[in-house]
Amino acid sequence: MDVLSSRVLIHPKDLDVSTAFYRDTLGLAIDKEFPGGTVFFAGNGSIEIVGTGKTGPTPDVALWLQVRDLTAVLAELAAKGLEPVREARREPWGLDEAWIADPDGTRIVLVEVPREHPLRTDPR
């Protein structure tokens, strides 16, 4: 399989509320807009908020978003009224993670790769 691009599709309960969350609260840049949906840039992938969902999120699925500075991101989100579902902590595998949720309860894992972690590839 030769994958050219990828995106996660989220079918929210309320399209306008979820679109505003990803755009205004998380501050994700818009890639594309079309009748009934919006595609947001999310690092090397995309998140598409489209249509209307019927069953809601499952705890078995989460969005994983790597950020440069987890403390700063959490402070920025708190200033917008969004509190974490789970506070930041160092996981046994060495990554710093905090959990937030979108308006439907989809878990979003915010991850910072500590400077000393072997996954760190940013040369800056």
Side-chain angles (χ1 to χ4, degrees):
M1 174 174 25
D2 187 16
V3 177
L4 302 178
S5 69
S6 65
R7 67 175 69 155
V8 173
L9 280 73
I10 297 176
H11 300 280
K13 292 177 188 169
D14 185 316
L15 182 64
D16 293 335
V17 168
S18 289
T19 300
F21 172 81
Y22 285 90
R23 182 191 61 228
D24 303 332
T25 304
L26 295 188
L28 299 182
I30 294 173
D31 179 22
K32 298 173 186 62
E33 292 180 287
F34 52 89
T38 303
V39 179
F40 295 94
F41 287 108
N44 289 328
S46 300
I47 299 170
E48 182 174 329
I49 308 301
V50 62
T52 303
K54 293 178 178 47
T55 60
T58 171
D60 296 334
V61 176
L63 294 176
W64 192 91
L65 302 177
Q66 183 180 343
V67 298
R68 196 172 299 283
D69 184 337
L70 183 57
T71 302
V73 167
L74 291 173
E76 179 183 323
L77 293 174
K80 295 178 180 180
L82 182 66
E83 295 299 323
V85 172
R86 197 196 76 182
E87 296 291 335
R89 66 179 176 220
R90 175 89 26 110
E91 296 293 349
W93 42 90
L95 300 178
D96 296 334
E97 296 185 5
W99 298 355
I100 61 172
D102 78 1
D104 290 334
T106 299
R107 184 167 35 113
I108 301 170
V109 181
L110 301 175
V111 180
E112 179 181 340
V113 179
R115 186 165 303 286
E116 67 278 4
H117 196 281
L119 288 178
R120 178 67 86 149
T121 59
D122 186 349
R124 291 180 276 165

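The figures that follow rest on heavy atoms only: side chains count, while hydrogens, waters and symmetry mates do not. The model shown is predicted, which means the values in this text are computed figures rather than measured ones. The first residue in the sequence is number 1, and the count goes up from there.
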Could you give the side-chain donor-acceptor pairs of residues 29-48 under 3.5 Å, partners two or more places apart or in another chain?
unit_1 : atom_1 : unit_2 : atom_2 : d
E48    : OE1    : R7     : NH1    : 2.6

If two hydrophobic side chains count as joined below 4.5 Å and joins carry through other members, does [X] share a cluster with [Y]?
X: L26; Y: V8; value: yes
X: L74; Y: L65; value: yes
X: W64; Y: L28; value: no
X: V111; Y: V73; value: no
X: L70; Y: W99; value: no

Report the distance from atom [atom1] of [X] to atom [atom2] of [Y], rounding to the nearest 0.5 Å.
X: T106; Y: H11; atom1: OG1; atom2: NE2; result: 11.0 Å
X: T19; Y: I10; atom1: OG1; atom2: CD1; result: 10.0 Å
X: L95; Y: L110; atom1: CG; atom2: CG; result: 12.5 Å
X: I49; Y: L15; atom1: CD1; atom2: CG; result: 8.0 Å
X: Y22; Y: I108; atom1: OH; atom2: CD1; result: 4.0 Å

Is a side-chain N or O of K13 found less than 3.5 angstrom from the main chain of P103, in a donor-acceptor match?
no
Do S18 and D104 make a side-chain contact, defined as non-hydrogen atoms from C-beta onward lying under 4.5 Å apart?
yes
Acceptor/donor pairs from residues 83-91 side chains to any protein atom, 3.5 angstrom cut, sequence neighbours excluded:
unit_1 : atom_1 : unit_2 : atom_2 : d
R86    : NH1    : E91    : OE2    : 3.0
R86    : NH2    : E91    : OE2    : 2.5
R86    : NH2    : E97    : O      : 3.3
R90    : NE     : D96    : OD1    : 2.5
R90    : NH1    : E116   : OE2    : 3.3
R90    : NH2    : D96    : OD1    : 3.3
R90    : NH2    : D96    : OD2    : 3.1

